[in-house]
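Side-chain atoms are counted along with the backbone in the values below, which use heavy atoms only and exclude waters and symmetry mates. All of these numbers come straight from a predicted model, not from anything done at the bench.
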Amino acid sequence: MSYNFKEVEKKWQTKWYTEGTFNAKEDYSMKKWYGLIEFPYPSGQGLHVGHPRSYTALDIIARKKRMEGYNVLYPIGFDAFGLPAENYAIKNHVHPKITTEKNVNHFRDQLKSLGFSFDWSREVNTTDPNYYKWTQWIFIKLFEKGLAYKTTMPINFCTGCKVGLANEEVVNGVCERCGSPVVQKEKSQWMLGITKYAQRLIDDLDDIDFLDKIKAQQKNWIGRSEGAEVNFKIEGTDDTLLIYTTRPDTIFGATYMVVAPEHGIIEKYADKIKNLDEVNDYKQKASLKSAFERSELNKEKSGVEIKGIKAINPLTNEAIPIWISDYVLMTYGTGAIMAVPAHDTRDFEFATKFNLPIKQVIKPKDGEAKEKLEEAFTDVYNGVSINSGFLTGLDSKTAIEKAINYIEENKLGKRKVNYKLRDWVFSRQRYWGEPIPMVYCECCGWNPIPEDQLPLKLPEIDDYEPGENGESPLAKLTDWIKTTCPKCGKEAKRETDTMPQWAGSSWYFLRYMDPHNDKEIASKEALEYWSPIDWYNGGMEHTTLHLLYSRFWHKFLYDIGIVPTKEPYQKRTSHGMILGSNGEKMSKSKGNVVNPDDIVEEFGADTLRVYEMFMGPFDQTAPWSMESIRGCNKFLDRVWKLQDLLNDENGYSEKHEKMMHKAIKKVSSDIEEMKFNTAVSTFMTMTNEFYKDKYLTKDEYKTFLQLLNPFAPHITEELYEIIGEPKTINETTWPKYDEAKTIDDEIEVPVQVNGKLKGTVVVPKDADEEAVKEKVKEVENVQKVIDGKTIVKEIYVKGKIYNIVVK
RNA sequence: GCCGAUGUGGCGAAAUUGGUAUACGCACAGCACUCAAAAUGCUGCGGGAAACCAUGUGGGUUCGAGUCCCACCAUCGGCACCA
C-alpha cells in the first residue's frame with residue numbers, strides 16, 4: 001500500500017478542525033504553555049513559504065508540550081488593517097472589507113492545509129469592530145494618562161502614500177512600504193509618549209529571555225546616552241544657549257557653537273543678526289532637503305556663520321562664534337551643540353572646511369599631543385585632559401565626572417540622559433484603520449468619546465482617495481464628522497485620522513486569552529492564567545517596530561492594572577528568511593517566488609514542514625531548493641514503508657534499544673533548542689538503520705512515530721492508526737528516555753601520536769588507563785611511528801582520546 | 001563609522017562546546033530490478049600514489065584547535081551627522 005498524502009492529510013485535518021482537537025482547555029488548574037507566532041497580514045498574494053517556517057517551528061514545540069501534559073494555547077488571527085487593501089480599493093472600487101474577507105478566507109484554508117495545531121476557536125481579526133473596540137479603548141486610556149497627545153510638529157510625510165510615518169517606518173529616507181521619498185511636513189498629529197518608557201524598555205530586557213541580538217538592536221534603537229546640558233551665555237545679553245554633550249570634559253576645547261536650522265535663536269535675535277538674509281537662505285534650503293538628502297553619508301558639510309551674536313565659553317570665558325548647519329538635528333538633544341573639533345569627528349570636518357580653530361584638550365594616555373591633528377581624537381578610554389584648567393591631568397572618564405559636578409555646582413547646567421527614541425507618530429491620514437475615538441470642541445478641546453459608544457465604527461464610504469493636503473478620506477464625510485462634545489454637549493468635530501498598522505498588533509496576544517469577552521479586553525482570570533507568553537517567534541524586521549511598540553503598550557496596561565506582568569513575552573526567538581533558489585530575496589519581479597500551495601499539492605504538507613525544518617539552522621537565512629525537498633519527500637516515503645519491516649520476533653535488541661533512547665534524548669533537546677535540522681537528520685539516520693537491519697519492533701515504530709509526529713503530524717497519525725493503536729498520537733505521552741541506556745558499553749577511542757590520528761581501539765566504557773595503554777601499543781600504525789623514539793608523555797582522557805607524545 | 005552575525009566538500013549543512021572534521025540530505029557515478037526509462041534498493045563519493053594536506057587569511061596558546069586568543073580579509077543584517 002503506497003502513501004496517499006492527499007487523502008491522509010485531508011482526513012486528519014478534517015478530524016482536527018471539526019473536533020477542535022488542539023483547542024486550549026478552560027481548565028486553569030493545569031500547567032500552561034502559551035506559544036505565539038506573528039499573526040499574518042492577509043495579503044492578496046496568499047501565504048508565503050516564509051510563514052510556515054515560523055509556524056511549523058512553534059507548532060512542533062506546541063505539539064510536544066501537549067504530549068508533555070501542558071494546557072497549550074497556540075492561537076492564530078489576522079492583522080488585517082493596512083494599506084494594500086486600501087490601495088486596491090482606490091484602484092478597483094472594492095470595499096477593503098470585502099477584499100480583506102476574501103483574503104482571510106484564503107489564508108485560513110492555506111493554513112489549515114498545512115496542519116498547524118492552532119486553536120481556531122480563538123481566531124481574532126483586527127478589523128472586527130468587536131476587536132478594535134478594545135484598541136480604541138486602550139487609546140482612550142493612553143489619552144487619559146497623558147500618553148496620547150496632539151501636537152503640530154515636523155513629521156515624516158510619505159509623498160507616495162500621502163501619509164505621516166513613524167521614525168521606525170522611514171528607511172534610508174524613503175517609505176518602508178512604498179519606497180517613495182519622505183519629506184518633512186508640519187502637521188497636527190496624535191503622538192504616543194513611548195519616550196516616557198524608554199528607560200524601562202531598556203532595563204526590563206534584563207529579566208526576559210530574548211536573543212541577544214534582539215536585545216542589542218532594541219537598545220541600539222532606544223539609543224541611551226549620558227552627558228550634560230550646559231548653558232553658554234550669549235554675549236551682551238542675559239540669555240543663554242543650551243547645548244547637550246556627552247563629553248563635558250572637552251568644554252575647554254569648544255571653539256564655536258552650531259545650531260540646527262530650525263533653532264529658535266534665529267527668530268529671537270533677528271534684529272541683531274547682520275547677515276540675516278544669508279542665514280534665512282540657508283534655513284530655507286535645509287528645509288527643502290528630503291530626509292534622505294539630509295542623512296546622506298559622505299556629503300560635504302555645509303553651514304553659515306550667524307554674524308552679530310557670539311557665545312561665551314563658560315570655562316574659558318572666550319567669545320566664540322555661532323554657526324548654523326544641518327549636521328545638527330533639531331530632534332535630538334537641544335538642537336544646539338558646542339563644537340569641539342579636536343575631539344569630535346564631525347566638528348573636525350566642519351572646522352577644517354571653514355577654517356575654524358582646532359584646540360586640543362585631550363592627549364592619548366601613552367602619547368603626546370600632536371603638532372597638528374590629522375583627525376579628531378575621540379577615544380574616551382584612552383585619553384588624558386590637557387590645557388583644561390582643573391581637569392588637566394585627569395583621564396577622560398574621571399574628567400567627565402568632575403566636569404559634570406563642576407557644571408552642577410556652578411549652576412551652568414545639569415547631568416542629563418538622552419535617548420534617540422522619539423515619541424510615536426500615531427495618526428494616519430487613511431481610511432482602512434481604526435478610527436481614533438476623539439472629538440474636538442471649540443471650548444473643551446480634545447476629548448474621547450464615552451466608552452459606552454465604543455466601538456466607534458469605521459463609516460462606509462465610496463471614495464478612498466486621500467484629500468488634497470494629505471487629509472484622511474474620512475475628512476470628506478461632513479455628516480459623520482459632526483457630533484456633540486462629550487463634555488459640554490455643544491457641536492463638535494470628530495477626529496478623521498485613523499490609527500497606524502501597528503495599533504491592532506500591539507495587544508492582540510492578550511485578546512487570544514479570552515477572545516469573545518464583550519466586557520473587557522480579557523477576563524482577569526484568563527490574563528492571570530495565560531500571562532506571560534512563554535515563547536514568541538517572529539522576524540527580525542519587527543524588532544524595532546512591533547516588538548518595541550507592543551512592549552510599550554503592555555507596560556502601560558500593567559501600570560493601569562489591566563495585565564499582571566511587566567513584559568508580554570518571556571522568550572523571543574527569530575527565524576531566518578527563506579530566499580529564492582538563486583540566493584536572493586523572493587519577489588515577484590525576480591520570478592523566484594515559491595507558492596506553498598504548489599508544494600502541498602505535489603508533495604504534501606508533511607514534506608513541506610519537514611523540509612522547512614531540515615533546510616538549515618532555524619535562525620539563519622536559507623535558500624530554497626526544489627531538489628532537496630524531494631529528499632524529504634523520499635524520507636517520508638521510507639517512513640511509510642517501515643510498516644513492512646515490522647517484526648517483533650527478533651524481540652529485544654540492545655543496539656535498537658540504545659538507538660531509541662539516544663534518539664528520544666536528542667530529539668527532545670533539539671526541539672527545545674530549535675535545532676530542528678539535526679532532529680530531522682536523527683530521524684533519517686534511524687530510518688536508515690532500520691532498513692539496514694531489515695526489521696524494527698512495533699514498540700520502536702510507535703516511539704519513532706511519536707517523536708516524528710510534531711514535524712509530520714498527518715503521516716504519523718495515519719501510521720499509528722494502521723498499526724492498530726487505539727489512541728491518536730496527540731493523546732499519547734511524550735516518550736521518556738533512560739540516561740543509562742544512552743551510554744554505549746564499549747567505546748571506540750581514537751589514538752593519536754603527537755596529536756595526529758593513527759588508529760582507534762575499542763575498550764569497555766569504564767576501562768582505566770592501563771587497560772587502554774596495553775591495547776594502544778598493539779595498534780600497528782602506532783607501533784610503526786613510535787618505534788625508536790622516546791615517549792615523552794602519554795595522555796588519556798577517559799572515553800575521549802589517547803595521545804602519545806614522542807620525540 | 002558603530003552594533004550584530006556568518007565564512008567547513010560541487011551544493012544545503014553536522015561536529016557531544018577543546019578530543020576520530022565533513023553526520024544527514026542534495027547532486028554525481030556504478031550496480032541490481034526493467035525491453036527501456038522513471039521510481040525503488042544497494043555501493044561509492046574532500047585532495048593526494050603515498051607520507052601527508054585540507055574548516056576565509058596570517059600569527060599564537062595547547063599533548064591536541066573548525067571550536068580559545070591576537071591581527072586581517074570577505075559576505076550578510078541593523079543603525080547611522082544622535083553631539
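- Ranking B:A83, B:C24, B:C26 by closeness to the A:K634 side chain, first place goes to B:C26.
- Between A:K416 and A:E226 no salt bridge is recorded (no basic side-chain N to carboxylate O distance below 4.0 Å).
- As rounded to the nearest Å, B:C11 and B:U55 have P atoms that lie 16 Å from one another.
- Separation of the P atoms belonging to B:C79 and B:A13 is 25 Å when rounded to the nearest angstrom.
- The existence of a salt bridge linking A:K301 and A:E349 is confirmed by a sub-4.0 Å separation between a basic side-chain nitrogen and an acidic carboxylate oxygen.
- Taking atom P on both B:G10 and B:U57, the two are 14 Å apart, rounded to the nearest angstrom.
- A straight line from CD of A:E375 to P of B:G1 spans 11 Å, rounded to a whole angstrom.
- When the side-chain nitrogen and oxygen atoms of A:R638 are compared with OP1 and OP2 of B:G41, one or more of them lie within a distance under 4.0 Å.
- Side-chain contact between A:M684 and A:V680: present, with at least one pair of heavy atoms (C-beta onward) separated by less than 4.5 Å.
- Relative to the six-membered ring of A:F603, A:R630 misses at least one condition, a distance below 6.0 Å or an angle of at most 45° to the axis.
- A salt bridge links A:E38 with A:R572: the distance from a Lys NZ or Arg NE/NH1/NH2 to an Asp or Glu carboxylate oxygen falls below 4.0 Å.
- In this structure, A:D347 reaches neither bases nor backbone, as no heavy-atom distance under 4.0 Å exists between it and the strands shown.
- On the P atoms, B:C35 is 35 Å away from B:G46, given to the nearest whole Å.
- Comparing the C1' positions of B:U67 and B:G60 gives an interatomic distance of 15 Å, to the nearest angstrom.
- Here A:T245 lies in heavy-atom contact (under 4.0 Å) with sugar-phosphate atoms only.
- Counting non-hydrogen atoms under 4.0 angstrom, A:K213 reaches the backbone sugars and phosphates but no base.
- Separation of the A:F354 and A:Y256 ring centroids does not fall under the 6.0 Å cut-off.
- Distance CZ (A:F635) to P (B:U40): 15 Å, rounded to an integer number of Å.
- Atom NZ in A:K756 sits about 7 Å away from atom P in B:C52, given to the nearest Å.
- Comment: A:D744 engages A:K662 in a salt bridge, judged by a side-chain N to carboxylate O separation of less than 4.0 angstrom.
- The side chain of A:Y332 places an N or O atom within less than 4.0 Å of a non-bridging phosphate oxygen (OP1 or OP2) of B:A83.
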Fill in: Derivation and outcome, side-chain contact (heavy atoms from CB on, under 4.5 Å), residues A:I320 and A:M257
CA-CA 7 Å; A:I320 55 176; A:M257 318 274 293; 3.8 Å; yes

Worksheet item: Where along nucleotides 11-17 of chain B does protein come under 4.0 Å, by heavy atom, of base (B) or sugar-phosphate alone (S), with - for untouched nucleotides?
Response: -BSSS--

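- Between the P atoms of B:U75 and B:C53, the separation comes to 32 Å (whole Å).
- Residue A:K758 is in sugar-phosphate contact alone, with no base atom involved, counting any heavy-atom pair closer than 4.0 Å across all strands shown.
- When each of A:T334 and A:Q217 is assigned the nucleotide of RNA chain B with its nearest heavy atom, A:Q217 is the one assigned upstream, toward the 5' end.
- Using a 4.0 Å heavy-atom distance criterion, A:G631 is classed as a sugar-phosphate-only contact.
- The distance from atom CG of A:L757 to atom P of B:A51 is 12 Å, rounded to the nearest whole Å.
- No hydrogens or angles considered: nothing links the side chains of A:N418 and A:S225 as a donor-acceptor pair under 3.5 Å.
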Fill in: A:R415/A:E229 under salt bridge (charged side-chain N to carboxylate O under 4.0 Å, His left out): CA gap, chis, key distance, verdict
CA-CA 6 Å; A:R415 188 183 292 276; A:E229 279 184 351; over 6 Å; no

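- Between A:D344 and A:R247 there is no salt bridge, since no side-chain nitrogen of the basic residue lies less than 4.0 Å from a carboxylate oxygen of the acidic one.
- Counting only N and O atoms by type, the side chains of A:Y327 and A:S302 include no donor and acceptor under 3.5 Å apart.
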Practice prompt. For A:I362 and A:T250, run side-chain contact (heavy atoms from CB on, under 4.5 Å): C-alpha distance rounded to whole Å, both residues' side-chain angles, the deciding distance at 0.1 Å, then the answer.
Written response: CA-CA 8 Å; A:I362 298 175; A:T250 63; 3.6 Å; yes

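- Relative to the side chain of A:V328, the nucleotides B:C3, B:G41, B:A83 differ in distance, and B:A83 lies closest.
- Between A:Y611 and the options A:F676, A:W624, A:F711, a ring-ring contact (aromatic ring centres under 6.0 Å, His included) holds for only A:W624.
- Among the atoms of the strands shown, none is found under 4.0 Å from any heavy atom of A:K219.
- Base orientation of B:G9: syn (glycosidic angle within 90° of 0).
- Rounded to whole Å, the distance from CH2 on A:W323 to C1' on B:A83 is 18 Å.
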Worksheet item: Which dot-bracket string fits RNA chain B when only Watson-Crick or G-U wobble pairs with both atom distances under 3.5 Å count, crossing pairs get [ ], and | stands for a partner on a different strand?
Response: (((((((..(((......[....))).(((((.......))))).((....))..(((((..]....))))))))))))....

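- For A:E746 and B:U20, the CD to P distance is 19 Å, given to the nearest whole Å.
- Side-chain atoms of A:D619 and A:H575 form no donor-acceptor pair, as typed in the model, at a separation below 3.5 Å.
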Worksheet entry | Contact state string [nucleotides 61-67 of chain B, B base, S sugar-phosphate only, - no protein heavy atom under 4.0 Å] | --BS---

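- Atom CG of A:L421 is separated from atom P of B:A80 by 12 Å (rounded to the nearest Å).
- Mapping A:D212 and A:Y244 onto RNA chain B by nearest heavy atom places A:D212 closer to the 5' end of the strand.
- A:S225 comes within 4.0 angstrom of sugar-phosphate atoms only, judged by non-hydrogen atoms across all strands, and of no base.
- Annotation: B:U62 and B:C68 have their C1' atoms spaced 10 Å apart (nearest Å).
- We find that CZ of A:F377 is positioned 18 Å from C1' of B:A83, with the value rounded to whole Å.
- The separation of B:A54 from B:U22, taken at their C1' atoms, amounts to 11 Å, rounded to a whole angstrom.
- B:U16 adopts an anti glycosidic conformation, its chi angle falling more than 90° from 0.
- Residue-level contact check: A:E748 touches the bases, meaning some heavy atom is under 4.0 Å from a base atom.
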